Amino acid sequence: MAITANEEDDHPNTPTTALLPFNTDSSSALSNRKPATITLIFISLLLSTCIALAAALSFAFLFFRAAASIPTREVARPLGKLKSPVVLLISMDGFRFGYQFKTETPNIHRLIKSGTEAELGLIPVFPSLTFPNHYSIVTGLYPAYHGIVNNFFIDPATGDFFTMASHEPKWWLGEPLWETLSNRGLKASTYFWPGSEVKKGSWDCPNEYCMIYNGSVTFEDRVDSVLRFFDLSSSEIPSFMTLYFEDPDHQGHKFGPDDPRITEAITRVDSMIGRLISGLEERGVFEDVSIILVGDHGMVGTCDKKLIYLDDLEIPKPWIQSYSPLLAIRPPSDHPPKEVVARMNELLKSGSVVNGEYLRVYLKEELPRRLHYAASDRIPPIIGLVEEGFKVEQTRLKRQECGGSHGYDNAVFSMRSVFIAHGPQFGRGRKVPSFENVQIYNLVTSILNIDGAPNNGTESFPLSILLPRH
Ligand SMILES: [Zn+2]
């Protein structure tokens, strides 16, 4: 540096080559014409060369860019350590779409960034309740076809009452994924998924692989139990596993979706996903496992000023099978359902019923077809659809509670949950349009490369989500 500076100091009037094109010193050019001509020729040559080089470089750039775009088509990545595909299906109960942006969720976002996400969330089936939806996810069937039409209901043929603790196989129709795998000679494990304790076909809820529901088991224990499966020899690792967290549904019901306690619950669930990812990484299988992270439904805030009373609609309590948000009515045989529906809608439209405009009553066969909620005797003949955030009760009570609820029309955006998937067959950072959760069954059987049972999902759906194999 010092030498160059000295040389320039020694010849202050000698322009450097780099400065020539910008030299506007006309007096020096006039006083020395011959060197100026040479300089001009030199400049012309230099400019021509530059233009030619720029053109050549542009063509080369375009050519290589076009060539480079061919191999960027993403294809399924080969398994590293695992011998065969493993799907881990995780449910965060009541994880409404958008909760992932309520606070920092670094672990969920890690899966989103390097995986595939339903851009505007996962659409639940109607009614957007826990049991019907969890069982739709694993059977690919709408509730009318898998039989779990509500969290509680009566079988009109027998008068038997279904509750969330009913494990007799007669209630649970269709073929859940664990049964499909068992039928194909593959291992499955379940950690608290509705219906998984039911012994059906070749699935007998085996001891080591089927956990009996116990809400007091810590989330950490659940994650660690799933991780331990990856310590088994490759032939013993289940090809399909489930994992279930009750949160943030629990807090959503109690406090509504916009409470700080929801935010805390999201942070906690996210940390469980982090614990899972770390455990899989320690075992060298994180990139091999297909993780499908979903919720069963969303959540909306409710308050007691948004109520509709059945007393105002002349409907007695014994007719009601469920109130809210799914109003299900089975009138006695001397009251034809059609007449009851007509009378209720007449009252609702009359303006005499408080909040009447927010309830619409249907014969189940006349419900919008997109709800797929008619083809089962277990569904009572009269169904009421309440607007988002409203509740139906029998009688006026002097209380003013606020909280949260779900079960509404599945077209209501607040009922949506998330679909986030990560693994060898999922594109990185890919967004896909929203879809109904009955599509997940076919997605899982496609990843595992097995034939599934007939269901309400679309056969070609997995092609739109999964990466091509070659
Ligand atoms: Zn739920």
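For this chain, numbers begin at 1 and follow the sequence in order. Indexing begins at 1, ligand by ligand and atom by atom, following the structure's order. All figures in this text were calculated on a predicted structure; none of them were measured in a lab.
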Would you confirm whether Asn355, through its side chain, and Ile308, through its main-chain N or O, come within 3.5 Å as a donor-acceptor pair?
-> no
cation_pi(Arg222, Tyr191) dist<6.0 Å, angle<=45 = no
What are the protein N, O or S atoms, given as residue plus atom name, that sit under 2.8 Å from the Zn ion (ligand 1)?
-> Asp93 OD1, Thr130 OG1, Asp296 OD2, His297 NE2
Would you mind checking if Asp312 and Arg396 are paired as a salt bridge, meaning a charged N to carboxylate O distance below 4.0 Å?
-> yes
Taking everything shown except Asp377 itself, do over 12 heavy atoms lie less than 6.0 Å from its CG?
-> no
Sequence neighbours left out, what passes ring-ring contact (aromatic ring centres under 6.0 Å, His included) with Tyr213? Give chain and number order.
-> Phe192
Are any side-chain N or O atoms of Asp296 and backbone N or O atoms of Asn133, one a donor and one an acceptor, separated by less than 3.5 Å?
-> no
